[in-house]
J.: 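Before anything else, here's the structure in question.
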Amino acid sequence: MVETHNLMTNINQSLGMDSDPPFHETYKTLFAVTKPLNNDWLAAVMAVEELELPSIDLTWLSLESPEKERCKNDIARAANEWGFFQVVNHGISRDVLEKMRDEQVKVFKQPFQHKCREDKFMNVSAGSYRWGTPTATCLRQLSWSEAFHIPMTDISSLGDTSIFSSSSLHQFATEVASLAQKLAEILAEKSGKKSTFFQENSLPSTCYLRLNRYPPCPIPLFGLMPHTDSDFLTVLYQDQVGGLQLVKDGKWVAVKPNPEALFINIGDLFQAWSNDCYKSVQHCAVTNPTKERFSVAYFFCPSYDTVIESCSGDKPSVYRRFSFKEYRQQVQEDVQNYGYKIGLPRFLV
Ligand SMILES: C=C1C[C@]23C[C@@]1(O)CC[C@H]2[C@@]12CC[C@H](O)[C@@](C)(C(=O)O1)[C@H]2[C@@H]3C(=O)O
Ligand SMILES: O=C(O)CCC(=O)C(=O)O
Ligand SMILES: [Fe+2]
């Protein structure tokens, strides 16, 4: 592993690729102590079956026909059985998606030192650029990726001094936000909850975009550690490379990429609010040995003081009442204290 590390460092330096975060240098001791081929988890990560997620054609939603109701039912069923699905004919044009991707590629190509700057150059809140896992004590705990967390409020105020082109991000974020809202309302209606809840409680200030880049990695690692999302739902726009995996019926499966689709997953808040009707499933990203991979996630969140009441019909509440603020704080505290998120089990009745 030490040789691989040296080789990669030399290649990167000779090609002048100083946009990559210094993964090899920073984690060289972890590379030195891990024997990848003997690790079951590495083998498991690589040897999973590739599946196509349930695909839902949103064209039907704009037609007043029996198919509209069938489409809504398909969305609810996928959220219940998989917690994940893909949508096609989602109404976001190829042009908007391509501009977003071009922007993302351009921003990550900036020299590493620039990406770390927290001034007008990036013009996003401090701490929005992250890479690797500072607390990792073995390769298994390392996320081999870099990311920008951009709150929606920052997107609307990006100025000309920022490296981000505000129009590409703004247009993408606005359209994805309205898609998220539409899907959330359908899911609320189908689980017997109030569908106006999201108009009342979702504020752009808490929603955010996460721009992910997964550099190629010589050995199989997590690009993003297994986790569930802490929001209501997430819309993911990913490229063709593949690497997203999720748990289905207790087994890790790989998601087949689809350039025509956006990928939707249920977050913890929806699982709690729907009283376990919809599933917030564990997912992760794995690295590719030769190709870099890009994805953008939009996290649909309510305002911090929104109270999540877990109830549906006659079924007793699975979770106690909690506010989004309380949930976020608990997740942050757990990540800090234990290095991982505990999530919903903390809020069981
Ligand atoms: C170390 C961690 C930070 C994170 C929770 C986790 O245990 C693993 C994944 C991280 C992630 C990725 C998606 C979302 O941005 C996030 C808020 C989430 O729910 O899982 C973050 C968590 C975080 O930043 O606190
Ligand atoms: O990049 C991916 O495929 C997954 C990203 C993700 O899960 C996240 O950003 O929360
Ligand atoms: Fe996620």
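Atoms within each ligand, like the ligands themselves, are counted from 1 in listed order. Below, each value reflects all heavy atoms present in this structure, side chains not excepted, and no hydrogens, waters or symmetry copies.
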J.: Is the ring pair Trp144/Phe31 parallel, tilted or perpendicular, if the boundaries are 30 and 60 degrees?
T.: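 Perpendicular.
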J.: What residue pairs, at least two apart or across chains, pass salt bridge (Lys or Arg N to Asp or Glu O under 4.0 Å) with a residue in residues 255-264?
T.: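 Every pair satisfying salt bridge (Lys or Arg N to Asp or Glu O under 4.0 Å) with a residue in residues 255-264: Glu52-Lys256, Arg94-Glu260.
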J.: Would you mind naming the N, O or S atom of Asp229 nearest to the Fe ion (ligand 3)?
T.: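 Asp229's closest N, O or S atom to the Fe ion (ligand 3) is named OD1.
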J.: Which ligand 2 atoms does Arg210 reach within 4.0 Å, using its non-hydrogen atoms?
T.: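 Near Arg210, meaning under 4.0 Å from one of its heavy atoms, ligand 2 has 9 (O).
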J.: Do Gln238 and ligand 2 have an N or O pair less than 3.5 Å apart?
T.: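 There is no such contact.
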J.: Does atom CZ of Arg320 have more than 12 heavy-atom neighbours, drawn from other residues, nucleotides or ligands, at distances under 6.0 Å?
T.: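 Yes, enclosed.
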J.: Please could you name the atoms of ligand 2 that Leu224 approaches to less than 4.0 Å, counting only its heavy atoms?
T.: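 Atoms satisfying the 4.0 Å criterion: 5 (C), 6 (C), 7 (O), 8 (C), 9 (O), 10 (O).
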J.: Is it the case that the ring center of Phe322 lies less than 6.0 angstrom away from the ring center of Tyr327?
T.: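 Yes: the rings meet the under 6.0 Å criterion.
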J.: Are a donor atom and an acceptor atom from the side chains of Gln181 and Glu185 found within less than 3.5 Å of each other?
T.: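 Yes, Glu185 and Gln181 have a side-chain donor paired with an acceptor closer than 3.5 Å.
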J.: Would Phe23 and Trp131 count as a ring-ring contact (aromatic ring centres under 6.0 Å, His included) here? Give the steps.
T.: CA-CA 9 Å; Phe23 280 108; Trp131 65 277; 5.3 Å; yes
J.: Are Phe108 and Phe148 an aromatic pair, judged by ring center distance below 6.0 Å?
T.: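 Centroid separation for Phe148 and Phe108: below 6.0 Å.
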J.: In terms of atom number and element, which parts of ligand 2 are under 4.0 angstrom from non-hydrogen atoms of Asn212?
T.: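 Those qualifying, in numeric order: 1 (O), 5 (C), 9 (O).
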J.: Relative to the heavy atoms of Tyr214, which atoms of ligand 2 are at a distance of less than 4.0 Å?
T.: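 With Tyr214 as reference, the close atoms of ligand 2 come out as 1 (O), 2 (C), 4 (C), 5 (C).
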J.: Does Phe299 approach ligand 2 within less than 4.0 angstrom via side chain, backbone, both or neither, non-hydrogen atoms only?
T.: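 Answer for Phe299: side chain.
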J.: Can you find a heavy atom in the side chain of Leu187 that is under 4.5 Å from one in the side chain of Ser274?
T.: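 Side chain of Leu187 against side chain of Ser274, heavy atoms only: no contact under 4.5 Å found.
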J.: Heavy atom under 4.0 Å from ligand 2: found in Leu236's side chain, backbone, both, or neither?
T.: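 Looking at Leu236 and ligand 2, just side chain atoms fall under 4.0 Å.
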J.: Which atoms from ligand 2 have a heavy atom of His283 less than 4.0 Å away?
T.: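 So the answer, numbered in order with elements, is 7 (O).
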J.: Number the atoms of ligand 2 from 1 as they appear, then name those within less than 4.0 Å of a heavy atom of Ser295, with their elements.
T.: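 Selected atoms, number and element: 1 (O), 2 (C).
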J.: Can you list the atoms of ligand 2 that are under 4.0 Å from a heavy atom of Arg293?
T.: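 Matching atoms, with element in brackets: 1 (O), 2 (C), 3 (O).
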J.: From the options Met225, His227, Arg213, His149, select the one whose nearest heavy atom is closest to atom 10 (O) of ligand 2.
T.: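 Checking each option, the heavy atom nearest atom 10 (O) of ligand 2 is found in His227.
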J.: Please list, chain by chain and in numerical order, all residues satisfying side-chain hydrogen bond (donor to acceptor under 3.5 Å, both in side chains) with Glu292, sequence neighbours excluded.
T.: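 Here the qualifying residues are Arg213.
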J.: Of all the atoms in ligand 2, which lie at a distance below 4.0 Å from a heavy atom belonging to Asp229?
T.: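 Reading through ligand 2 atom by atom, the close ones are 10 (O).
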